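Predicted model only: the values in this text are computed from it and were never measured.
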Amino acid sequence: MYSALATLEGSEKQVAWATDMRAKVLAELEQMPKGAATQEWRDAFVAECQRVLGQVRRAKTWIDNRHGDFGARVARMARAEGIAFSMPQ
């Protein structure tokens, strides 16, 4: 599923913290309830989030966006990193 996650950049402490956060966020994504939307929408959303989150390089981006609604966090992280993000319709 994640062939290659971006190498995190930042201080040693930031990278350690962000690595833990990234693992938790990716696990949270895997556990997304299937009844929340159509299966097609859920699959598209999960795939888009995986694509974006796998590209986030700055540990600070993970740290600064650790709170809030899942989709909003991913959107903020994408903007911070200059990664295109599109919510499925």
Side-chain angles (χ1 to χ4, degrees):
M1 169 179 317
Y2 301 101
S3 57
L5 294 172
T7 301
L8 294 174
E9 302 166 352
S11 71
E12 187 176 330
K13 185 175 180 179
Q14 285 175 320
V15 169
W17 191 12
T19 298
D20 184 53
M21 276 187 230
R22 179 168 66 182
K24 289 177 183 174
V25 167
L26 296 176
E28 181 181 349
L29 184 60
E30 293 296 321
Q31 300 303 315
M32 178 171 284
K34 295 184 182 193
T38 66
Q39 186 65 36
E40 182 179 326
W41 185 91
R42 181 195 175 280
D43 292 347
F45 178 74
V46 168
E48 180 67 355
C49 289
Q50 288 171 336
R51 183 189 66 77
V52 169
L53 296 174
Q55 295 179 60
V56 174
R57 294 189 176 283
R58 290 181 293 170
K60 183 179 185 320
T61 300
W62 284 96
I63 294 164
D64 290 348
N65 294 287
R66 65 188 178 274
H67 301 293
D69 171 79
F70 195 91
R73 285 186 292 168
V74 175
R76 287 191 311 264
M77 293 171 80
R79 277 193 304 276
E81 296 280 321
I83 302 167
F85 175 64
S86 177
M87 287 286 278
Q89 299 299 316

Going by heavy atoms in the side chains, are Lys24 and Met21 under 4.5 Å from each other?
no

Just verifying a value: how many Å separate Leu8 CG and Thr61 OG1, rounded to the nearest 0.5 Å?
9.5 Å

Report the C-alpha distance between Leu26 and Leu5 in whole Å, list the side-chain angles of each, state the deciding distance to 0.1 Å, and finish with yes or no for side chain to side chain contact (heavy atoms under 4.5 Å, CB included).
CA-CA 11 Å; Leu26 296 176; Leu5 294 172; 4.1 Å; yes

List the atom of Ala84, the atom of Val52, and the distance in Å for their closest heavy-atom pair.
O-CG2, 3.7 Å

Going by salt bridge (charged side-chain N to carboxylate O under 4.0 Å, His left out), name the pairs with one or both residues in residues 64-73, residues two or more places apart or in two chains.
Glu28-Arg73, Lys60-Asp64

Sequence-distant partners of Ala16, side-chain contact (heavy atoms from CB on, under 4.5 Å), two or more places apart
none

Atom CZ of Phe45 and atom CD of Gln50: how far apart are they, to the nearest 0.5 Å?
10.5 Å

Is there side-chain contact between Val74 and Leu29, with at least one heavy-atom pair below 4.5 Å?
no

Which distance, rounded to the nearest 0.5 Å, do you find between the CE of Met77 and the CD of Gln55?
11.5 Å

Mark yes or no for whether Trp62, through its side chain, and Thr19, through its backbone, hold a donor-acceptor pair below 3.5 Å.
no

Least distance between heavy atoms, Phe70 atom then Cys49 atom:
CE2-SG, 3.9 Å

Does some side-chain heavy atom of Trp41 sit less than 4.5 Å from a side-chain heavy atom of Met87?
yes

Test: Glu81 and Arg57 ion pair at under 4.0 Å
no

